[in-house]
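Quick one: the structure is below, and I'll ask about it shortly.
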Amino acid sequence: MEKVLDVLVIGGNRYVGKRLIARLLAEGHRVTVLNRGSCPPPAGVEHLRADRDDERSLTDALGSRVFDVVVDQVCYTPRQATIARRVFTGRTRRYVMTSTVEVYEYEDSPALVREESVDPSAVAVDPDLPWDDPAFVEAHYGEGKRQAEAVLMAGPGFESTVVRVAHVLGGDDDFTGRLAHYAERMRTGEPIAVPAVNRPATYVYVEEIARFLAWAAGEDFTGPVNAASRGVLSTEELCVAVSAHVPGGRAEFRPVEVGEVSPFSFRRSYGMDNTRATRLGFAFGDARQWLPRAVAETLGKGD
């Protein structure tokens, strides 16, 4: 390892975050976790309790601490980003925000989408939208992330990058229930609703994105970067992997023109191009190679 870093992880108490922390510790870095205290951190990690939406709470919890890198796992709105920019200016040299493929939600491109398709400097920020309303934030997830990116990457204070994460698969602690949705329909014989024209998408293995974030923390590049495994996966490919864990299971698809469709089925193409990350020095795996392992982890044998 080249240099021991003081890393603050905001959030980090489950799924990708806990794997990120484990990797940072294994690499010998000093790790501090800041969250509301719902889950204790692992051994060897300093724990700060604060509400990241409350600037005074955040400032008081940090005290005089400074960090080499902040990895923000739970920044969803421009208001949260604005608070973070004020609080961490002068406290860190580098800020890594975990963003999402959903910033490309208005794209419909047969080619994999590159970072320049959504330039944070060109995104309009509207702080007066009801960003304190959880229902609004959930319904405007991609927009919230876009505006948060724009705030974090504007102006001086610290260098920053936003990691646009593909759909994540794997782990026995996957809390989304998306693969379970398919397994349940295979068990019951209930049709799986998909768009009439169902587009494939890019994905990333949960261990791989944790590795990428730990790597990005120690690098010095700035700007947006796509984080996705090589290759695209279709809903049909996902269901083949799921069917291996449903005895006698078979996917029956029901195309729909309008209305709700199953998770991991898409009316538009907005898979991510990972060329920039590759050129920066990170090697992603092939989605088709890790898919069976990821599904097995989540569904378990015999499920």
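A quick note: this is a predicted structure, and the numbers were derived from the prediction, not measured.
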*Please find out if less than 6.0 Å separates the ring center of F212 from that of F284.*
yes
*Using a strict cut-off of less than 4.0 Å between a Lys/Arg side-chain nitrogen and an Asp/Glu carboxylate oxygen, indicate whether E102 and K145 qualify as a salt bridge.*
no
*Nearest 0.5 Å, what's the CZ-OH distance between R85 and Y95?*
9.5 Å
*Residue pair W215 / L280: nearest heavy atoms and the distance that separates them*: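 Looks like CZ2-O, 3.5 Å.
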*What are the two closest non-hydrogen atoms of L5 and H29, and how far apart are they?*
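That closest heavy-atom pairing would be N-ND1, 3.1 Å.
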*Do you know which two heavy atoms are closest between V33 and V45, and how far apart they sit?*
CG2-CG1, 3.4 Å
*Please confirm whether the backbone N or O of E237 pairs with a side-chain atom of S234, one donor and one acceptor, at under 3.5 Å?*
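Yes; at least one donor-acceptor contact below 3.5 Å.
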*Expected output: side-chain D108 to main-chain R268 donor-acceptor under 3.5 Å*: no
*Does E149 reach the main-chain N or O of P224 with its side chain, forming a donor-acceptor pair under 3.5 Å?*
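The answer is no, because no donor-acceptor pair under 3.5 Å joins these two groups.
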*Between R19 and I209, is there a donor-acceptor pair closer than 3.5 Å when you use the side chain of the first and the backbone of the second?*
no
*If every non-hydrogen atom of C239 is compared with every non-hydrogen atom of A251, which pair is closest and at what distance?*
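Shortest heavy-atom contact: CB-CB, 3.9 Å.
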*Determine the interplanar angle of the Y15 and F175 rings, folded into 0 to 90°, and report it as parallel if under 30°, tilted if 30 to 60°, perpendicular if over 60°.*
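Aromatic pair Y15/F175 classed perpendicular.
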*Inspect the contact between R146 and E143 and indicate whether a charged nitrogen and a carboxylate oxygen are less than 4.0 angstrom apart.*
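Yes, charged N to carboxylate O under 4.0 Å.
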_D126 backbone acceptor or donor facing Q147 side chain under 3.5 Å_ =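 Answer holds: yes.
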*Does one side chain, of E138 or Y76, offer a donor that lies under 3.5 Å from an acceptor on the other?*
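Result is no, nothing qualifies.
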*Please determine if R94 forms a cation-pi arrangement with F88, meaning its NZ or CZ atom is less than 6.0 Å from the six-membered ring centre and no more than 45° off the ring axis.*
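Verdict for F88: no cation-pi partner in R94.
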_Whether R93 side chain and E159 backbone form a donor-acceptor pair below 3.5 Å_ =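 No; judged by distance alone, with no hydrogens or angles, the pair does not exist.
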*Between atom CG of D51 and atom CG of L58, what is the distance when rounded to the nearest 0.5 Å?*
8.5 Å
_Main chain of V232, side chain of R288: is a donor-acceptor contact present, judged purely on distance under 3.5 Å?_
yes
*Is any side-chain heavy atom of R86 less than 4.5 Å from a side-chain heavy atom of I83?*
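Yes, close enough: below the 4.5 Å cut-off.
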*Do V16 and L25 sit in the same hydrophobic cluster, where Ile, Leu, Val, Met, Phe, Trp and Tyr count as joined when their side-chain heavy atoms come under 4.5 Å apart?*
yes
*D173 and side-chain contact (heavy atoms from CB on, under 4.5 Å): which partner among K18, R14, E297?*
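Of the listed residues K18, R14, E297, the side-chain contact (heavy atoms from CB on, under 4.5 Å) partner of D173 is K18.
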*Does a side-chain heavy-atom distance below 4.5 Å link H167 with L233?*
no
*Considering only heavy atoms from C-beta outward, does the side chain of N274 approach that of R230 to under 4.5 Å?*
yes
*Does a salt bridge link R164 with E115, judged by any charged N lying under 4.0 Å from a carboxylate O?*
no
*Heavy-atom side-chain proximity of T100 to V103 below 4.5 angstrom*: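 Side chain of T100 against side chain of V103, heavy atoms only: contact under 4.5 Å found.
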*Are the ring centres of Y203 and F264 closer than 6.0 Å?*
yes
*asked:* Heavy-atom count check: over 12 atoms from other residues, nucleotides or ligands less than 6.0 Å from E257 CD?
replied: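 No, because the 6.0 Å sphere around CD of E257 holds 12 heavy atoms or fewer from other groups.
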*Check whether any side-chain heavy atom of V96 sits under 4.5 Å from a side-chain heavy atom of T98, and report yes or no.*
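No, their side chains stay 4.5 Å or more apart.
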*Side-chain heavy atoms of F158 within contact of L152, under 4.5 Å*: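 A side-chain contact under 4.5 Å exists here.
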_If we ignore hydrogens and angles and just use 3.5 Å, is the side chain of S262 paired with the main-chain N or O of I192 as donor and acceptor?_
no
*Smallest separation among heavy atoms of V225 and A277, with atom names*: CG2-CB, 3.8 Å
_Side chain T202, main chain M272, donor-acceptor under 3.5 Å_ =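 Yes, because the side chain of T202 sits within donor-acceptor range (under 3.5 Å) of the backbone of M272.
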*Is it true that a side-chain atom of T92 and a backbone atom of D68 form a donor plus acceptor pair closer than 3.5 Å?*
yes
*Supply the atom-to-atom distance E207 CD to R23 CZ, rounded to the nearest 0.5 angstrom.*
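If we round to the nearest 0.5 Å, E207:CD and R23:CZ are 6.0 Å apart.
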